[in-house]
Participant: 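Here you go, one structure.
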Amino acid sequence: MKYTQLFGKTLRNVHHGVKSEGFAFLLRGGFVRSNGNGLFSFLPLGNRVIRNLKRLIREEIEAIGGLEVSVPLINPIELWHRSGRDRLVGNDMVRFQDRHGHNMVLAPSHEEAFVDLVRMGLRSYRDLPAFMYQFQLKFRDEERIRNGLIRTKEFMMKDAYSFHRSASDLNIFFPKVFAAYERIFKRCGLDVLPAESGVGYMGGEKAFEFLVPSSIGDDLLIECPQCGYRANKSVAMGLKDFHTDTPLELESVDTPGCTSMEELSNFLGVEKHKLAKTMIFKTMSGLVMAVVRGDHEVSKEKLSRFLGELVLEKADKQDVEQLGFVPGYLSPIDLSSSMPLVVDGTVAKSTNLVVGGNEEGVHLKNANFGRDFESPHVADISMIRPENKCLQCGGSLQEIRALELGNIFKLEDFYSRSMGLYFQEENGKKAYPFMGSYGIGIGRLMGAIAEQLHDKRGILWPSELAPYRFFLMGIGKSDTVRQKVDSIYEKFHTDTLLDDRKESPGVKFQDAELLGIPYRIVLSSKRNQEDTVELYNRYTRQSRLVKLEDIEKTMKELQEKEVLPK
RNA sequence: CGGGGUGUAGCCUAGUGGCUAAGGCGCCUGCUUUGGGAGCAGGAGACCGCCGGUUCGAGUCCGGCCACCCCGACCA
């Protein structure tokens, strides 16, 4: 490619709102442009990176048997009725009607569409396993759009779905995808951390995320450096401490204006771990009350897991009042409602907690589980804190901010049962396949690579992802130099960006660094006299002189060899 | 969705209520220059986000709307 024919110029600066350095380089280099909040165009250079990412991912997914297909971005809502997820997903999913008044959605994920596709080809156990993937847009009307490509409304995803005859077949297959994911991220030059994660509205039993530590990530990981335990904070387990005393008598106290744990703790002069926090959540089948200690947060993932159904959100004020509760002073004591009460283990074990009085401005001191309030549902529903110890080895835990790049879910037979996808077993009986689903966000991956792999001058693309492998330029007006440049370009033009601009060498050097092209080849009349060319390595910032007669051979070798910036 | 911030030329910015809205980058023309974002000369490019108000006079003050950016959103 000749630079003069390339669309998308480099920029000297971006406005200071852009906090993410990697994203700033992507903008400055002319890789991407924003077209509105959370919406992006990929320019020729950026699109080449995307293409390379896809090629890399195809190689790894097809190496474990994946077949590439494509299902539509738009789904009839009917599909989502059948799985029941139309009621779980909420406002992330854009719904609309076509001109005939048919209800459609922009798919935020494609489990339903794949189940529907597989239905056409699945009759017998002999048709299993099936493993298919696609690169397809997802649309999620995100409430939290941020950091350029990291969190967008519309994004390309590699999503893969596997269908198995049995749970054990799925269990055998699952680690293969896990290993393929590790290879993919490694080839991208990223040190990812696999971690156990929640399942959200994807459903299913077990899930893992692949995350890269990053300050611009939205996830918190809990890790035990001693034994290697690692999980998303939303599902992480740990040894929680609790305090016990001799139970005292239940006592009412006036607590005007204390509707948060912070206020209550300050007002009473009592540490937060001696308070109990009572909250009401919505689920599809109704409301549920949860009690955790004042210094803890409810994990909706853990609560969902315990209930066996997705916890959607906090109940709103009106719902709470309608049930006869006083917002800010919720109490698990004297529950007249039939709503299930789930009590965190730490609350059940602690003594003399302060709980809401279910009366404006009143709390109750010395509440004790088993005496003042009771429930058969005692479970771990609170998030652990970094100061808690590892459940497996007792070691100290640490909290890591990280960015999720991919995930893998064991969906079991949730979708096949709800959507009626079945096959005939050897014995003639009907059976439902066990499913896995496996995603990687392509744009986010590109953003994460730019974020992780850059220096002051620009991006450091791994060689197999770089838009071009060679940046070729000549210095001076010498005709012989130009001819030699042209002759090299001719042989390597598909993998070379030839900077044929009438710019000073400095400008070209700067842009070559910014674009992160791994090798820069410079010919000049000065060097030309010695019949040598300069070969510069973007990662090491070292250059060496190669004899002109050897340069093509050297370039061929460099084309064959994949290199990471580290 | 909540809080905060910002909207001035393609990009980044300056601009006490007062003349014809300023600078840098980029762009166009010509010449010079060719090893780290070159020099000289000339030139084009702005309904100052939109609507309304205050005022003799608004880019500037007030109100509303819109867009974008940052932060927060489970602690009722």
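Reminder, nothing fancy here: chain letters follow the sequence lines and each chain counts from 1.
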Participant: Just call it for A/Arg293: base, sugar-phosphate, or nothing, with non-hydrogen atoms closer than 4.0 Å on any strand.
Facilitator: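 Touches nothing.
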Participant: Any N or O donor-acceptor pair linking the side chain of A/Glu297 to the base of B/rC74 at under 3.5 Å?
Facilitator: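 Side chain to base: pair present.
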Participant: Any idea which of B/rG36, B/rU13, B/rG72 is nearest the A/His15 side chain?
Facilitator: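 Looking only at heavy atoms from C-beta outward on A/His15, the closest nucleotide is B/rU13.
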Participant: Is there any protein nitrogen or oxygen under 3.5 Å from a nitrogen or oxygen in nucleotides 22-30 of chain B, and what are the pairs?
Facilitator:
unit_1, atom_1, unit_2, atom_2, d
B/rG26, OP1, A/Arg12, NH2, 3.3

Participant: When you get a sec, tell me which of B/rU34, B/rA38, B/rA73 is the closest nucleotide to the side chain of A/Pro505?
Facilitator: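 Nearest to the side chain of A/Pro505 among the choices is B/rU34.
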Participant: Using a heavy-atom cut-off of under 4.0 Å over every strand shown, decide if A/Arg457 touches base, sugar-phosphate, or nothing.
Facilitator: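 Counting heavy atoms under 4.0 Å across all strands, no contact is made by A/Arg457.
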Participant: Taking B/rG5 as the reference, what is the distance to B/rA21 when you measure between their C1' atoms (whole Å, please)?
Facilitator: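 Between the two C1' atoms, the distance is 24 Å.
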Participant: Counting only side-chain heavy atoms from C-beta out, which of B/rU33, B/rC71, B/rC68 sits nearest to A/Asn37?
Facilitator: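 Nucleotide nearest to A/Asn37's side chain: B/rC68.
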Participant: Counting only side-chain heavy atoms from C-beta out, which of B/rG36, B/rC74, B/rG37 sits nearest to A/Phe509?
Facilitator: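 Between B/rG36, B/rC74, B/rG37, the one nearest the side chain of A/Phe509 would be B/rG36.
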Participant: Taking both distances under 3.5 Å as the test for a Watson-Crick or G-U pair, what stems of at least three pairs does RNA chain B have?
Facilitator: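 Stems found: B:1-7 with B:66-72, B:10-13 with B:22-25, B:27-32 with B:38-43, B:49-53 with B:61-65.
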Participant: Please state how far atom CZ in A/Arg146 lies from atom P in B/rG72, giving the value in whole angstrom units.
Facilitator: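 In whole Å, B/rG72 P and A/Arg146 CZ are 7 Å from each other.
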Participant: Rounded to whole angstroms, how far apart are CG on A/Asp218 and P on B/rC70?
Facilitator: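 Rounded to the whole Å, the gap is 12 Å.
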Participant: Name the nucleic acid region contacted by A/Met473, choosing base, sugar-phosphate or nothing; use a 4.0 angstrom heavy-atom cut-off, strictly under.
Facilitator: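 It contacts nothing in the nucleic acid.
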